[in-house]
Amino acid sequence: MLDIKWIRENPDRLAEALVKRQWSSEEARSAVDDLIVKDEARRAHLGQLQERQERRNAASREIGNAMRSGDSAKAEELKGEVTAIKEWLSGAEAMERTLDKALDDALAVLPNVPAHDVPVGADEHANVELRKVGTPRQRSNWTREHFEIGESLGMMDFERAAKLSGSRFTVLKGGLARLERALGQFMLDLHTTEHGYTEVQVPLMVKDEVLFGTGQLPKFEDDLYFVGVADAVLASDGAAIVSRSGEPIVVGRRLGLIPTAEVPLTNLVREEITPLEKLPLRYTALTPCFRSEAGSAGRDTRGMLRQHQFYKVELVSITDQDSSRDEHERMTECAEAVLRKLELPFRTMTLCTGDMGFGAQKTYDIEVWLPGQNAYREISSCSVCGDFQARRMDARYRPKEGKGTAFVHTLNGSGTAVGRALIAVMENYQEADGSVTIPEALRPYMGGMTKIEAR
RNA sequence: GGAGAGGUGGCAGAGUGGUUGAAUGCACCGCACUCGAAAUGCGGCAUGGGUGCAAGCCCAUCGGGGGUUCGAAUCCCCCCCUCUCCGCCA
């Protein structure tokens, strides 16, 4: 969420930011104008409202005084005045709520303002390579994609997964199941023992306001899964599950399945004033992630690159206002360290304005080399959000200088996507005989095993 | 699931209809005392918003929402959450 005061004072900078994010200049202009109008309407009304509230409060106090001094005639007269004011106020207060909500709703769907050093561009083609590490291995005529390797090993099963849950699910068995577990443990251990992150176990189901805090709601509701109920529990065919009397069964409030552990980890500081000396907070968690992939029909349908459910190790940092940019570089290096240790070639890209997520000021994507696809594919995304999420969560700290409180800065990054790391290991470490060599760094997590082969 | 208790400022904890936005203690900040520190004394110290150059003034907020009342932290209703005991359970 952006600061309405900032918008009021810098309307042109907001419009410029929206254009960088690929809004048309007309859309940007009218969105900004709309915000200014809503803001002015709200403040104009608030002034009048508060004036009358002030009079009501003063008159009420006078009534108390009059009654104490036994002047009941005056008390009655004042009561009449207050009653009249109250009548006016009930409408005015409702109006205030309406105006507040209109402004909040408009603010809630505005994306963050890109940092000054983010390249401007329309889509991923305008992303800029920051560095490239490792050399992609020479392709052979037997180089295959991960799902070919996995299926011929007999350890990756899409057909049975589809029987259970439909498309975009995978069943892993044997060595590959263990390899995925090993990858998760390896990453978690790396970040907790070498990078100073605190391991956290978090709920996988969270409230709407938590999803609002990190920016998934209200704009990206379609990308999420919910359990429990919005209006009713829906069966898989979309029909409401009803009681014998035909009423929809309402279980209570719905909970959203987290699309990333960024959501619960970042919200750990929501509605709190964190002491300055506790910053930065660095959290990591290994969790399943759930995504409906509503907008990506037809993309990456083969294999397990894009799933409705996948494991990811997430990194989250909470910092003060001055440290977030440096923390962003640091976090990105922590994520890269995973790939360095696994000896997987990768490149790190600075996302352009058009490719960045809703809440980010600046994002680095780490793309791992996939020989089977003959391409670099995203395996991590590290973003600095400034106070954008903090404002939505009301997460603050007390700065050393100055008085009062300030919003914390939040950062999140994948460290890394476990399912995609599995793919990367399989494709980069595949052998001509169809087996997969286990990277040195993972062997302790595989009981010393050095190779996965069909058996 | 059953029964009970409770949600007040950074923390602890008073407050049951009228200058109570809230006693007191702790923590924190400033000043004094001190060679320095501790102890002590004095003062300050909630959050958000509106307005103003500023000092300030004003509005809202005592888990959330609604109601009673001229007036609600205090009374009533609904909801959320926490704790205790019992039951059940991975």
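What you see below is based on every heavy atom in this structure, not just the backbone, and it leaves out hydrogens, waters and symmetry mates. All of these numbers come straight from a predicted model, not from anything done at the bench. Letters A, B, ... are given to chains in the order of the sequence lines, protein chains preceding strands, and every chain is numbered from 1.
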Nucleotide [N], atom [atom2] - distance to [atom1] of [X] in whole Å:
{"X": "A:Lys207", "N": "B:rG64", "atom1": "NZ", "atom2": "C1'", "answer": "11 Å"}
{"X": "A:Asp394", "N": "B:rU61", "atom1": "CG", "atom2": "P", "answer": "17 Å"}
{"X": "A:Arg270", "N": "B:rC81", "atom1": "CZ", "atom2": "C1'", "answer": "14 Å"}
{"X": "A:Asp100", "N": "B:rG48", "atom1": "CG", "atom2": "P", "answer": "16 Å"}
{"X": "A:Lys278", "N": "B:rG10", "atom1": "NZ", "atom2": "C1'", "answer": "11 Å"}
{"X": "A:Glu93", "N": "B:rG66", "atom1": "CD", "atom2": "C1'", "answer": "13 Å"}
{"X": "A:Glu277", "N": "B:rA27", "atom1": "CD", "atom2": "P", "answer": "15 Å"}
{"X": "A:Glu271", "N": "B:rG48", "atom1": "CD", "atom2": "C1'", "answer": "13 Å"}

Note to self: Taking the cut-offs as 6.0 angstrom to the six-membered ring centre and 45 degrees off its axis, would you call A:Arg392 and A:Phe212 a cation-pi pair?
What the structure shows: yes
Spacing of the [atom1] atoms in [M] and [N] (rounded, Å):
{"N": "B:rC59", "M": "B:rU20", "atom1": "P", "value": "15 Å"}
{"N": "B:rA23", "M": "B:rU8", "atom1": "P", "value": "16 Å"}
{"N": "B:rU84", "M": "B:rG18", "atom1": "P", "value": "36 Å"}
{"N": "B:rG52", "M": "B:rA72", "atom1": "C1'", "value": "32 Å"}
{"N": "B:rG48", "M": "B:rG43", "atom1": "P", "value": "27 Å"}
{"N": "B:rA5", "M": "B:rC89", "atom1": "P", "value": "28 Å"}
{"N": "B:rG7", "M": "B:rG63", "atom1": "P", "value": "8 Å"}
{"N": "B:rA12", "M": "B:rC85", "atom1": "C1'", "value": "26 Å"}

Contact list for [range], test side-chain hydrogen bond (donor to acceptor under 3.5 Å, both in side chains), sequence neighbours left out:
{"range": "residues 193-203 of chain A", "answer": "A:His191-A:His195, A:Glu194-A:Lys341"}
{"range": "residues 255-269 of chain A", "answer": "A:Thr260-A:Lys312, A:Glu262-A:Gln389, A:Glu262-A:Asn412, A:Asn267-A:Arg270"}
{"range": "residues 163-187 of chain A", "answer": "A:Thr170-A:Gln307"}
{"range": "residues 96-112 of chain A", "answer": "A:Arg42-A:Asp100, A:Lys101-A:Asp105"}

Item checked: Residue pair A:Thr363 / A:Ser383, side-chain donor-acceptor N/O under 3.5 Å -> yes
Item checked: A:Glu314-A:Tyr283 side chain donor-acceptor pair, cut-off 3.5 Å -> no
With sequence neighbours excluded, tell me which residues meet side-chain hydrogen bond (donor to acceptor under 3.5 Å, both in side chains) with [X].
{"X": "A:Glu81", "answer": "A:Arg55"}
{"X": "A:Lys451", "answer": "none"}
{"X": "A:Asp326", "answer": "none"}
{"X": "A:Ser317", "answer": "A:Glu327"}

Partner nucleotide of [N] by Watson-Crick or wobble geometry (both distances under 3.5 Å):
{"N": "B:rC70", "result": "B:rG18"}
{"N": "B:rG9", "result": "none"}
{"N": "B:rU84", "result": "B:rA3"}
{"N": "B:rA60", "result": "B:rU47"}
{"N": "B:rA38", "result": "none"}

Note to self: Can you pull out every ring pair (Phe, Tyr, Trp, His ring centres under 6.0 Å) where at least one residue sits in residues 77-120 of chain A? Sequence neighbours excluded, please.
What the structure shows: none
Notebook entry, point to check: Which residues, if any, of residues 74-91 of chain A bring a heavy atom under 4.0 Å of RNA chain B?
Noted result: A:Lys79, A:Val82, A:Lys86
Checklist line | Contact residues, residues 38-60 of chain A to RNA chain B [heavy atom, < 4.0 Å] | finding: A:Arg42, A:Arg43, A:Leu46, A:Gln50, A:Gln53, A:Glu54, A:Arg56, A:Asn57, A:Ser60
Item checked: Sole residue of A:Ile258, A:Leu224, A:Val210 in side chain to side chain contact (heavy atoms under 4.5 Å, CB included) with A:Gln216 -> A:Leu224
Table of protein N/O atoms under 3.5 Å from nucleotides 43-46 of chain B N/O atoms:
none

OP1 or OP2 of [N] under 4.0 Å from side-chain N/O of [X]:
{"X": "A:Thr274", "N": "B:rG10", "answer": "no"}
{"X": "A:Arg396", "N": "B:rG10", "answer": "no"}
{"X": "A:Arg8", "N": "B:rG50", "answer": "yes"}

Next item on the list: Name the residue closer to the 5' end of RNA chain B, choosing between A:Arg97 and A:Asn65 according to the nucleotide with the nearest heavy atom.
Entry: A:Asn65
